[in-house]
*Asks:* 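Dumping the structure here so I can ask a few things about it.
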Amino acid sequence: MDDPSLLALVAVRVALAFAPVPETFKYDQQLSSPLTAYSRLREGIYLFDHGVDPYSGGSFRHSPLLLSLFSTALPLTRYTSPVLWTAADVLAAWALARIWRLRTGAKYTKRDKQVIALYLFNPYILLPSLALSTSSIENSLTLLSLMFASRGRASASLFVFAILIHISLPSLLLLVPILLLSISRPVSSLTVPHPFAGDPKGALPLLGEFLGYTALLSFASTLVCGNWSWIEKTWGAFITLPDLTPNPGLWWYFFTEMFDHFRPFFLLVFTVHLLIYIAPICIKFQHDMLYAVFLLVGILAVFKPYPTLSDPGLFISMFSLFPETYPYLRHPIVTGLIHLHASLLLPLFNSLWLRQGTGNANFFYASTLVFGMGNGAALLDAVWAGLRVAIGKLDDGYEVVQE
Amino acid sequence: MPTILQKLAGVATALRQRLRGGDDPNATRIRRRQVLTNKLWKGLPFIRLVLFLVGYLWMLALPSSQFGQRIYIDENALQPAQVHTYWNWNDVHRADRILEDLEQLRDRNATNDEIARYSVGVFEKLGIPARTQRYSFDTLGGAINGTNAYAVMAAPRASGAEAIIISASWLSRTGEGDETLNLRGVAIVLSLAGYLKKYSLWAKDLVFVISDGYLDGMQAFITTYHGLPQANLHTEPLELSSGVVWTAINVDYPGHSFSHLGIFFEGLNGRLPNQDLMNSVGVISRHTGGVPVVVYDDLDPRETPSAPTVVPSWMPEGLKNNGDVQEYAMRAKVISRHVNYQARGAASGVHGLLHQFRIDALTVYAVPATGPHGFYALGKILESSLRTMNNLLERLHASFFFFLLVRPEIFMKIGMYLPSAILVGTSMLFSGLGEWVNAGWLLTSVSLEDEEKSEKARPRSVEKWVSRDRPVLDAVTVMIATHAIGYVFWEAVSRRLAHPAILFLIFAAAPLLVARLPQPTRPGSAPVSAVLKALNLCFTSAVISITAVLNFSLAAALAVFMGIPLTLASPSPRLPSRIGKYALYSILALGWLVFCPEDTGKALWNWEVLRVWFAPFVCVVYVPLVLQSALVCWLPS
Amino acid sequence: MRWNICSKTSLLLAFHVATAFALHEQFDEDLHLRPLRDGKLLSRFSFTTLLKGATPRDPQLLSVDDEAQHYTLFPLALGQVLREHAVTELHLSLNAGRWNYEAWGYPDEPGVGTGAELWAWMGDSTQTSVDQRWQGLRNALAGLFCASLGHLDEQRTTSPSLTFQPEGSLPNFTYPHRLRHATLPSEHVCTENLTPFLKLLPCKSLSGIASLLNPHRMFDADWHGLGVHVRYREDAGVEVRLTFQAVFDPVRSSNDRRRDWSLRSTFDRSIERACPVAHSSKVRVELPHGPSPYSITPEPTGISDSVATYAVDASDEALDVALRWPTEGSFEYPNTSKVPPLTDVSVRRTLKGTSQAEAQLTLVITNNLPVQVSTGYLETMPWHLQFYLHTLKASVNGAARDDLVSILSYMPPVPHSRPALLQAVLTLPPSSTLHLTMDVLKPFLRYTEHQPDAQRGWDLPPAVLVPFAFGETASQNHTVSQPAGTIQGSLVRPRRIYTSILLVDLATPDFSMPYNVIILSCTLIALLFGSVFNCLTRKIAIARVGPTPTSAARQEDHTPAPEPQAQ
């Protein structure tokens with residue numbers, strides 16, 4: 001934060017954090033999922049402080065790390081919480097800017113402000129943060145881990161990443177590219193593809209290190225809550241989907257309407273489907289691991305079990321790291337329009353279903369489908385542009401095709 | 001000579017290209033795509049025009065007698081008009097006696113408290129626990145005070161988890177709550193309470209509400225009942241409570257007697273009740289009460305000659321007496337009233353306030369006349385309607401909330417009227433996309449000599465698309481800025497900071513400052529106005545098509561007000577025309593401020609007291625969108 | 001005349017036979033009638049069978065054969081159930097309607113919560129667990145009383161031992177006793193429950209007080225409920241008490257809206273003859289203490305502290321008690337806002353809010369006494385409504401008073417399996433009103449978990465208040481209500497106050513959609529998957545599209561940029 005205008009940005013952001021937000025934000029299902037909801041976190045802390053094991057019930061599914069952090073070091077009050085969440089966002093934005101500088105290799109670029117602003121004031125990120133959804137914390141952890149990885153500080157990156165895994169398991173998708181990123185360089189080489197520089201074997205010890213951190217944190221969590229029940233309640237939730245509260249994602253209605261005897265099968269399919277993407281993306285973009293991470297973040301934004309708006313938000317904000325791809329996006333305006341419609345439809349149909357009672361569940365389901373299409377379109381644009389940029393501008397009369 | 005040969009060769013190669021698809025299959029595929037896109041591009045203006053025409057014509061065709069289907073009852077549990085009613089002349093006499101008391105109260109213009117206490121006294125004499133509720137709204141127009149009376153009759157053997165509300169407001173809806181009193185409505189509710197107490201068949205509690213004022217009283221009661229805090233409302237807590245309310249009926253009986261039963265159903269923010277309820281009450285009114293039903297209080301001149309004619313006078317006689325024309329005019333009148341209520345999000349009666357809590361409610365309005373019906377018929381209708389509501393085992397839920405009622409027994413499903421607005425939105429979307437392409441690409445024709453020759457062979461190669469970069473960021477900044485202005489404007493209007501004319505001038509001029517935001521057009525990049533228009537059109541179409549699901553009337557109104565004008569907005573080189581266009585658009589955006597002050601006042605009252613979001617919506621969405629197109633005209637091309 | 005003699009002789013015979021067997025069994029029946037303030041009439045039937053010297057079965061001995069059961073008066077069907085599952089104490093109540101504490105005061109039988117309520121104290125054992133026997137017990141009772149008690153499964157079962165103390169004594173078995181409690185608010189009591197109930201009586205409904213139990217009238221009452229109470233009295237033995245309470249509205253049924261009543265006008269019957277095996281059979285009428293004079297016929301056998309008692313004996317003439325207010329015309333209802341409520345504490349529980357995703361639970365508890373009252377507060381909430389305890393707020397006329405609430409125990413709910421159990425103690429300042437509010441969460445169910453009429457929502461059990469500690473300044477007779485019902489004055493049972501039940505509407509999916517959802521979602525996923533892999537796997541190449549001579553010429557010396565190799 002070496003610039004008065006940046007300070008101004010942050011100041012505005014803080015002011016927004018303390019602006020009176022409507023009560024409905026607190027329980028809004030687009031802004032916070034059952035696994036990231038602030039009210040559930042408060043409930044868990046309350047139970048923990050009053051000697052009830054929060055994991056004996058069914059509503060608290062946050063990580064023991066958050067539980068211990070907020071029940072001891074950082075008490076959540078009407079004043080601290082907005083500050084903490086804003087701090088998380090600012091940290092994330094700063095990390096993003098750092099990554100941008102490392103990518104360009106410059107000490108200071110004119111786009112820094114843009115990058116930071118694009119994160120701090122991206123509505124998809126701003127609103128969940130105002131609703132105090134812990135997904136903002138997940139985002140900042142992701143970006144921090146990325147930042148350390150791009151700086152080559154593997155241990156720090158992996159430790160942060162282990163914390164992230166404890167808070168949200170699906171981020172495990174990012175493990176491979178982050179490992180590879182930390183042993184390669186983050187500079188943009190999309191335009192000049194080349195085989196992976198550096199020795200992939202070098203990632204193995206790092207993997208061991210990561211496992212060590214994870215085991216350590218798991219042990220700590222078990223110490224915190226005295227038994228292993230937290231694993232089934234926090235990590236298990238991502239796999240067994242016990243809470244069917246609506247969210248902008250694709251899972252909830254599918255498994256609300258799923259026949260009981262098919263449930264396990266489709267849970268397996270949906271989970272494995274997430275993992276399929278890792279290998280091809282990492283291979284195809286081995287010359288630019290940061291871009292691979294970016295694409296996998298996009299995958300998470302679409303196919304995550306319990307997404308909130310801040311997951312696509314992170315993806316969209318990370319677009320600002322790759323300006324070289326802008327000219328080659330496939331249909332940016334179409335993608336933008338789908339997103340516009342979806343982001344207007346989601347809250348509207350949610351209230352038509354749950355508050356006005358004139359529409360039924362299908363309305364909101366339809367809007368989630370549209371939202372999924374929007375995110376999918378953005379993802380496709382990114383994939384295409386990432387490959388297309390390698391060829392560069394063509395004289396007229398020539399077109400790029402895939403065969 | 002060689003030229004001819006060349007030409008022939010060129011034609012030959014062209015033919016080969018066409019037939020064998022040339023050397024590279026991908027290339028041919030891309031060429032085909034290009035041909036297709038070019039065709040589309042050429043046809044775009046035509047498509048836009050067609051969409052516009054079909055959309056608007058569809059709207060005009062809605063009242064025609066060809067549209068619509070007969071109503072039916074979807075929920076089997078309702079069983080309307082299947083019960084024998086026991087409401088008899090003794091109860092009518094009791095109602096008359098209560099009416100006398102009320103008239104005395106009116107004549108010695110008693111205070112709200114006295115009236116409420118009287119009602120409570122009546123309820124308590126019947127053994128029904130009753131209380132009063134004082135309330136006061138503070139609005140900029142001054143405080144609104146009043147006292148409600150309400151009673152909760154616990155149904156025998158019922159758990160008290162469900163309830164039905166029977167309400168009558170002290171002021172009638174006639175003239176939207178001018179001083180017309182609803183004495184008979186109140187009287188029949190009070191006497192109905194004593195009558196219904198005699199039966200043990202109720203499965204739900206009955207909550208009787210005598211709300212003070214026209215809308216304010218019920219708003220105070222129902223928000224307190226559901227524990228919804230409202231900043232500017234100060235009220236006593238309710239000492240009696242009951243369970244979940246699914247259905248409610250509101251009685252409005254201003255005249256001495258009535259000829260028809262009018263049904264009012266629009267709720268706040270354009271929410272409609274479940275159609276089953278209205279259909280049931282209609283059926284009951286015809287079969288049990290023997291009272292004809294009308295939508296609102298518009299009598300059909302073909303049935304009651306006394307009613308005012310609906311066909312405009314300038315029409316030739318031949319058309320005036322044409323059945324179809326009369327039908328069209330009648331339906332058009334109904335639809336226009338419906339749109340007028342729904343688009344403003346205004347409640348057409350006290351029932352509308354209950355809609356915000358997922359209560360399906362309607363107002364039965366005894367259309368004042370010299371006869372033949374009175375308490376007797378109305379009592380029967382109400383009793384039977386309540387029995388029907390009492391039959392419900394679950395909340396009314398079949399997707400019966402989206403409809404357009406054109407006659408008491410004829411309605412349109414959502415699929416029959418929704419596309420009209422959507423089509424207009426789509427057309428605007430296409431226009432926006434077209435503008436987007438225009439902003440990004442220039443179609444320049446290259447006129448080289450050999451090109452000229454080869455042109456005949458390959459017509460594609462003569463005109464070239466030259467791409468230029470679009471100042472998207474500038475356009476977006478302008479849009480955000482205008483909406484910010486819209487918000488400031490809303491604050492100013494809702495606080496009534498200045499005289500409307502002054503506000504008009506200020507906020508009509510404000511966008512001119514915004515026009516200075518974007519830096520001057522760089523050479524080789526598109527003008528901001530083009531991108532702004534593209535984004536503006538796209539956003540508007542999104543707003544229209546999405547509002548259509550929530551509140552069709554509002555969407556249709558937006559389509560009418562913004563469809564053509566925003567599409568036609570275009571920059572012009574000459575200053576006078578720029579100024580003229582700008583003025584026109586700013587009048588379209590803000591003219592209502594000056595020209596219809598009373599509607600503005602009503603909308604603001606609705607916002608202050610009833611939290612109707614129509615006024616803020618207009619200020620923060622509609623006004624900025626139109627101002628943006630004003631800027632499109634203003635900004636240099 | 002002849003049949004009369006025959007019947008008499010047969011009756012005498014039966015009597016002798018019965019007494020011969022019934023030496024170690026004693027059957028008492030008792031009808032208690034109380035005119036209420038609002039013109040209604042409360043009637044409480046109580047049929048007590050005492051098995052002298054018997055003890056409950058020790059669950060440790062479930063494996064060994066039970067001793068044979070020979071009963072003459074004691075209901076065999078019930079006895080078998082009790083022995084089979086080794087139940088020490090059992091309370092079952094099936095009620096319809098909401099008890100109006102303000103106007104009717106405390107009921108003689110405390111269990112007046114709407115719907116079905118079953119709670120039992122059972123000795124723990126290593127043979128079969130308490131929960132297994134609890135399941136067997138509720139199924140057996142469901143069959144016995146034709147009630148859907150089978151639904152009282154582990155999703156509704158809790159163990160609120162602070163609120164539901166045993167009413168009898170618990171024999172000290174090898175292992176301590178455990179409480180199981182469950183409520184089913186949507187259960188509705190009707191004739192099919194009364195018939196098996198009557199079968200358990202030694203005289204059925206043929207003679208004695210039970211002959212008044214006329215379904216047509218009982219189930220037209222404003223409130224009615226039947227109860228089965230089994231307890232072990234150390235000094236006496238195992239006692240089964242069958243009760244039926246009903247609140248009638250004479251004003252409603254009379255044409256000129258008078259509150260006069262008689263047994264015949266109320267039950268459409270009169271007591272023709274006594275039950276021969278009954279050890280005692282009384283009809284007790286509480287005499288009204290109002291200003292207006294009344295007349296009671298026939299002359300009661302005895303009157304003690306304004307309770308007229310009639311002994312139902314084998315006399316010939318039928319007993320038809322009637323209470324009249326000769327001077328008064330149509331009944332004048334008391335003004336509910338003027339007269340004081342008849343209970344120490346009155347409570348209203350409502351569910352505020354409009355969303356189907358969250359709501360706010362509010363309790364308004366008024367202390368009607370001039371002294372401070374401490375009351376237990378119990379919520380046994382199925383997981384269909386989940387508390388946010390951290391939002392629990394207490395306030396007395398506007399001022400926050402969180403110190404008045406102390407939570408004793410809380411067991412969070414587990415979706416699809418376990419209800420929440422919240423036991424707290426509320427301190428009510430003298431003659432003031434305490435407002436409790438708490439945000440609650442409405443979960444989203446799988447489409448198979450919804451009830452047939454899904455749009456109705458779910459009935460939630462009542463909360464229970466138990467006022468236990470009253471301020472020192474209170475004199476002995478501080479309560480504004482009548483003393484609680486006593487059985488032969490043997491014990492005073494704790495007063496429980498049940499709130500009205502709640503109806504919560506949970507958001508429903510579209511039940512016709514499963515296939516469509518599977519198809520649509522899978523299509524979208526497959527589409528994205530396909531296009532992503534399409535992009536990733538296919539090789540990128542450059543094609544010559546516009547073969548203009550110039551460009552064609554340029555194409556020769558055009559060197560395309562290096563393509564990313566598709567590995």
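Keep in mind it's a predicted model, so treat the numbers as computed, not measured. Order of the sequence lines sets the chain letters (A, B, ...), proteins ahead of strands, with each chain counted from 1.
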*Asks:* Where does Arg395(B) contact chain A at under 4.5 Å (heavy atoms): side chain, backbone, both or neither?
*Replies:* neither
*Asks:* Please flag which part of Phe357(B) lies under 4.5 Å from any non-hydrogen atom of chain A: side chain, backbone, both or neither.
*Replies:* neither
*Asks:* From Ile480(B) CD1 over to Phe121(A) CZ, what is the distance, rounded to the nearest 0.5 angstrom?
*Replies:* 11.0 Å
*Asks:* Could you report the tightest heavy-atom contact between Ile546(B) and His341(A), atom names first, then the distance?
*Replies:* CD1-O, 3.7 Å
*Asks:* Can you measure from OG (Ser545(B)) to CG (Leu345(A)) and round to the nearest 0.5 angstrom?
*Replies:* 8.0 Å
*Asks:* Roughly how far apart are Leu337(A) CG and Phe539(B) CZ, rounded to 0.5 Å?
*Replies:* 11.0 Å
*Asks:* Inspect the surroundings of CG in Leu40(B) and state if more than 12 heavy atoms from other residues, nucleotides or ligands are less than 6.0 Å away.
*Replies:* yes
*Asks:* Quick check on the interface: out of Val543(B), Val472(B), Leu535(B), Leu550(B), who has the most heavy-atom pairs with chain A under 4.5 Å?
*Replies:* Leu550(B)
*Asks:* Compare every heavy atom of Thr358(A) with every heavy atom of Leu272(B), then report the nearest pair and how far apart it is.
*Replies:* O-CG2, 4.3 Å
*Asks:* Could you check whether atom CZ of Phe400(B) has more than 12 heavy atoms from other residues, nucleotides or ligands sitting under 6.0 Å from it?
*Replies:* yes
*Asks:* Could you tell me which non-hydrogen atom of Arg271(B) sits nearest to which non-hydrogen atom of Gln356(A), and how far apart they are?
*Replies:* NH2-O, 2.8 Å
*Asks:* Do other residues, nucleotides or ligands put more than 12 heavy atoms under 6.0 Å from the OH atom of Tyr487(B)?
*Replies:* no
